[in-house]
Amino acid sequence: MSRRRPVPRRPRLVALLTTGALVIGLAPAFAASSAGAEPPGSPPGGSVSSSPPGVSLVKVVVPDRAAVDRLTSLGFDVAEYTRPVDGGVEIHVVADAADTTAITAMGYRVGDAVTSPSDVARNRAERSATIAADASALAAADSLTVLRAEWFTSTDDQRFLSVEVKTDAPVATNILTVQWDSGPGTAMGSGGSATMSRFVDAGQYMYHRFNAPVPVTSAPSKVTITSTVGGSVTTDVSEWLGTPRKAPSPHYVSDFVDHYMDPTEIYGRFASLAKEFPSLTQLVDLPNKTNGYRRAAQATFGTAAASTLYVTSKAWGHEGGNDLSVALVNPGTPSSALSVAVAGSAITVTLATSSSGAVTSTAAQVVAALNASPASSAVLSASTYRGNAGAGIVAAAASTRLSDNLNAPASVSREPFQVQALRIGKARDGSRTGVFLYCQEHAREWVTPLVCVETAERLLRNYQKDPTTRKLVDKLDIFIVPSINPDGAHYSFYDFASQRKNMTNHCGPNDSDPARRTSWGVDINRNFSVGSVFDGFTGASATNCLSGTFAGPAELSEPEARNEVWLVKQFPNIKFAMNTHSYGGYFMWPPGAYKAAGRELLPPVELGTEEFFWAASDHILSAVKEWRGTAIWPGQTGPVTDVLYSAAGNSADELWYNHGIIGWDFEVGADIWNPTAKRFEAVGFQPPFAEGHEEAMEFAGGQIGILEVALAHETDSKPPSSTLSVEKQQPGSTSFTFATSEPATVYYTLDGSRPTLASPKLAPAGLREGAGSVTVTDRTEVRWFSVDIAGNTESRYRPDGNGQNYRRQVVTVQ
Ligand SMILES: [Zn+2]
């Protein structure tokens, strides 16, 4: 909010000026315009305008609070906003051209406009357009499309209802309410009712949903959704994750982790497994070693920015940097010169003094002296603080040891880390469908490597006694990388628990002082080359090296990301992948990124693939649920961009769009239902181990579920079948769609030509909707075939051959 503009302002200023109180030192322009010699903002030529001058909200940098008070007392309209900036305080002033001139003349720096007159015009136009659009949307009853309506149980057998509905009048004043019954034959509304939330992402209406599933006492069979605009729809409620899985053999063993493990221990465990199961496994060295859990040693001298400097060793801390020390010594004699002396690993800076014996060396001078001395610059570099000019006089400081600030025990290597994949399979010759399971791209997600370890243990230790496990290991080629980002993970375990990125510092000297050390690094899951921030996609930073989602200096700049790409190129039999993260309880697939302007997505997957993903979700999430009943919500299942956000340059998109690999993402750690408080509660990145253990167990089940889906794909030789059905017939046009016996994509022609893989595909009706329809306006012979995700074509039709065994049916038009 802005302070009320004083009235009348200008006469008061004139009065002040004419008394001479403030004229001293003011530029003539200020005096002239404010004294009224020329109307403010008037065009050259002197014609007088009857309109008031256009005002902007402009940034002004003043040296201190006193200057703010001075501007306020002079009658300037100063907003209630101050931010410390280099050289003073940034404030915002409502100002016209004359005010701007006056402020500049007072010696203050006037910057860009926060809001200009054209912004005001734009905002007014936007408001009018919204009001007009709302009015037209509300003119008639809206049409409601139910995307999903499901009930499910989660832990403690609590039942929940989840509903997603789309309205064609998605204005804020259109309120959608869901009512439900209490089972077959009961009255609508007898189960309860709840208001839906309007889900808007990147400025675009998505659909209406509940923020969290609604607890219900009995399983509803039907829901009715009504809108305040007059729309109404009733639909059946299905059970989410209702498919029981095949029970494992009574000898099935699980639960192989009993504490959080750092990457050194995790890879040690994998080495032991490889040794114990040589006929079923091998370790694959990924070619790009990480930069290592290591840092240069540093020390900071000073407290105020202008008089502070910091030094950084040339050698890594563990390779000599930590042995260096720097002292800033007051010689205690007058007229002494600034000098640098190096004796062994001790660097002594003797500060300059004046004739009276006072220290005169500034931070900039000490930095220059350290960097100019061949002996000191051979072992360290010095910088002023965060780009400060360093004009402040430095304080003397006793000898201070540099430190790499790394606290892991010596058993954690400081060398570049050899990341490995444990390859599990009876036939590891590339002839089997490959599955790539990888964990801990993000360092602080401590549960995720446990998921990968548990999966590996279960596969190997159940191989002898459990026939299902044996089939997975015999028929698949499984690659498990338990910690993609070991350096960051070590840092998270021993130094900074919230570390997300790797440890590599891409910042320049302005952001490389040691107090910044927990903000360096690259977000591995933003460093990939598809839909990246460098291509204009949203959800990463290309410019701020301190950002939690810093994408790195370039696509695939980081060894951790290049390792993933290498693996899938090296083993082209890999067809499925799971990127395991925490937390929140999600199961997701591509696309994972969009450009915010217009919410321009990476290409959505085709209908048959999307249907396959939903079918696979049921199997995989039922496997997750098996451990302790946790149901991943339907509202957190789907394309990343539909259920979470845009994540520019993530690895699942890299795998799908560049390599045709089905790239899924887990977020382990679903919210936990608190039955007393009747609400869901978040678990965080590092819950107490008792909870972390449960998450590892349930999502290892999910990874096994993925292997089962991959196996079904490997052994799927059954072609799909399909039917054409007319949906809507009206004079002059007929709409039809296709149904398939299993998830499959339909290719069709309407011109009597032979359908091929280049023919049009049946598209989804919309976001999270099923099959769309095709409309014809003349009698048409439709020719088509369907193909499932394993590549089986209906009736074994060869789209690239000459056979005529495609499907055909005539659609008539009244
Ligand atoms: Zn993550």
Checklist line | Whether Trp240 and Trp614 hold their rings parallel, tilted or perpendicular, with breakpoints at 30° and 60° | finding: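 The rings of Trp240 and Trp614 stand perpendicular, inter-plane angle above 60°.
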Next item on the list: Classify the ring geometry between Phe613 and Trp589 as parallel (under 30°), tilted (30 to 60°) or perpendicular (over 60°).
Entry: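 Because their plane-to-plane angle lies in the 30° to 60° range, the rings of Phe613 and Trp589 count as tilted.
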Do we see a donor-acceptor contact under 3.5 Å between the side chains of [X] and [Y]?
X      : Y      : answer
Glu445 : Ser582 : no
Asn579 : Ser651 : yes
Asn544 : Ser541 : no
Ser529 : Glu654 : yes
Asn502 : Asp487 : no
Asp474 : Tyr463 : yes
Ser786 : Glu794 : yes
Asn462 : His251 : no
Glu694 : Thr630 : no

Check for a donor-acceptor pair, side chain of [X] on one end and backbone N or O of [Y] on the other, with a separation under 3.5 Å.
X      : Y      : value
Asp653 : Val530 : no
Glu555 : Phe534 : no
Ser759 : Tyr747 : no
Lys575 : Pro572 : yes
Thr538 : Ala596 : yes
Thr641 : Pro591 : yes
Arg599 : Ala202 : no
Ser557 : Gly552 : no
Glu441 : His581 : no

Next item on the list: For Leu472 and Glu708, run side chain to side chain contact (heavy atoms under 4.5 Å, CB included): C-alpha distance rounded to whole Å, both residues' side-chain angles, the deciding distance at 0.1 Å, then the answer.
Entry: CA-CA 7 Å; Leu472 295 176; Glu708 290 166 352; 4.0 Å; yes
Item checked: side-chain hydrogen bond (donor to acceptor under 3.5 Å, both in side chains) pairs, two or more places apart, involving residues 408-419 ->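 For residues 408-419, and leaving out neighbouring residues, the side-chain hydrogen bond (donor to acceptor under 3.5 Å, both in side chains) pairs sorted by first residue read His318-Glu415.
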Notebook entry, point to check: Taking 4.0 angstrom as the limit, do Glu454 and Arg458 come out as a salt bridge?
Noted result: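 Looking at Glu454 and Arg458, the cut-off is met.
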From [options], residue fulfilling side chain to side chain contact (heavy atoms under 4.5 Å, CB included) relative to [X]:
X      : options                        : value
Thr455 : Leu450, Ile704, Ile706         : Ile704
Thr433 : Leu476, Asp477, Ile574, Thr715 : Leu476
Arg562 : Asn527, Leu556, Leu567         : Leu556
Phe785 : Thr756, Thr745, Val746, Leu757 : Leu757

Distance-minimising heavy-atom pair for [X] and [Y]:
X      : Y      : result
Leu546 : Cys507 : CD2-SG, 3.8 Å
Arg444 : Phe685 : NE-CZ, 3.1 Å
Leu437 : Cys452 : O-SG, 4.2 Å
Pro603 : Tyr657 : O-OH, 2.6 Å
Ala696 : Val451 : CA-CG2, 3.8 Å
Thr580 : Cys439 : CB-SG, 3.8 Å

With ring centroids as reference points, do [X] and [Y] lie under 6.0 angstrom apart?
X      : Y      : answer
Phe576 : His713 : yes
Phe666 : Phe587 : yes
Phe493 : Trp446 : yes
Tyr260 : Phe689 : yes

Next item on the list: Carefully, step by step, assess Glu600 and Tyr594 under the rule side chain to side chain contact (heavy atoms under 4.5 Å, CB included).
Entry: CA-CA 5 Å; Glu600 187 192 326; Tyr594 53 69; 5.6 Å; no
Margin query: Can you confirm if the NZ or CZ of Arg295 lies within 45° of the ring axis of Tyr491 and under 6.0 Å from the centre of its six-membered ring?
Written below: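 Because its charged atom sits under 6.0 Å from the ring centre and within 45° of the axis, Arg295 does stack over Tyr491.
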Notebook entry, point to check: Yes or no on side-chain hydrogen bond (donor to acceptor under 3.5 Å, both in side chains) for Ser492 and Gln499, after CA distance, side-chain angles and deciding distance?
Noted result: CA-CA 5 Å; Ser492 174; Gln499 179 77 12; over 6 Å; no
Next item on the list: Identify which one of Phe738, Tyr748, Tyr797 satisfies the ring-ring contact (aromatic ring centres under 6.0 Å, His included) criterion when paired with Trp784.
Entry: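 With Trp784 as partner, Phe738, Tyr748, Tyr797 yield a single ring-ring contact (aromatic ring centres under 6.0 Å, His included), made by Phe738.
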Measuring from [X]:[atom1] to [Y]:[atom2], what's the distance to the nearest 0.5 Å?
X      : Y      : atom1 : atom2 : value
Phe256 : Met697 : CZ    : CE    : 8.5 Å
Trp633 : Asp671 : CH2   : CG    : 5.0 Å
His490 : Asp495 : NE2   : CG    : 10.5 Å
Leu460 : Leu280 : CG    : CG    : 6.0 Å
Ser272 : Tyr267 : OG    : OH    : 14.0 Å
Tyr806 : Ser795 : OH    : OG    : 12.0 Å

Next item on the list: Apply the test salt bridge (Lys or Arg N to Asp or Glu O under 4.0 Å) to residues Glu714 and Lys475: give CA-CA distance (whole Å), side-chain angles for both, the deciding distance (0.1 Å), then the verdict.
Entry: CA-CA 8 Å; Glu714 160 95 9; Lys475 300 221 155 116; over 6 Å; no
Next item on the list: For Arg628, look at atom CZ and say whether over 12 heavy atoms of other residues, nucleotides or ligands are found less than 6.0 Å away.
Entry: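 Yes, CZ of Arg628 has more than 12 neighbouring heavy atoms, counting only those of other groups under 6.0 Å.
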Next item on the list: Evaluate whether atom NZ of Lys471 has more than 12 neighbouring non-hydrogen atoms of other residues, nucleotides or ligands under 6.0 angstrom away.
Entry: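 Incorrect, the count does not exceed 12.
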Margin query: Pair Ile484, Gln440 - check side chain to side chain contact (heavy atoms under 4.5 Å, CB included), show working.
Written below: CA-CA 6 Å; Ile484 290 286; Gln440 204 167 32; 5.8 Å; no
Check: Step by step, would you call Lys625 with Leu621 a side chain to side chain contact (heavy atoms under 4.5 Å, CB included)?
Finding: CA-CA 6 Å; Lys625 193 176 173 184; Leu621 298 181; over 6 Å; no
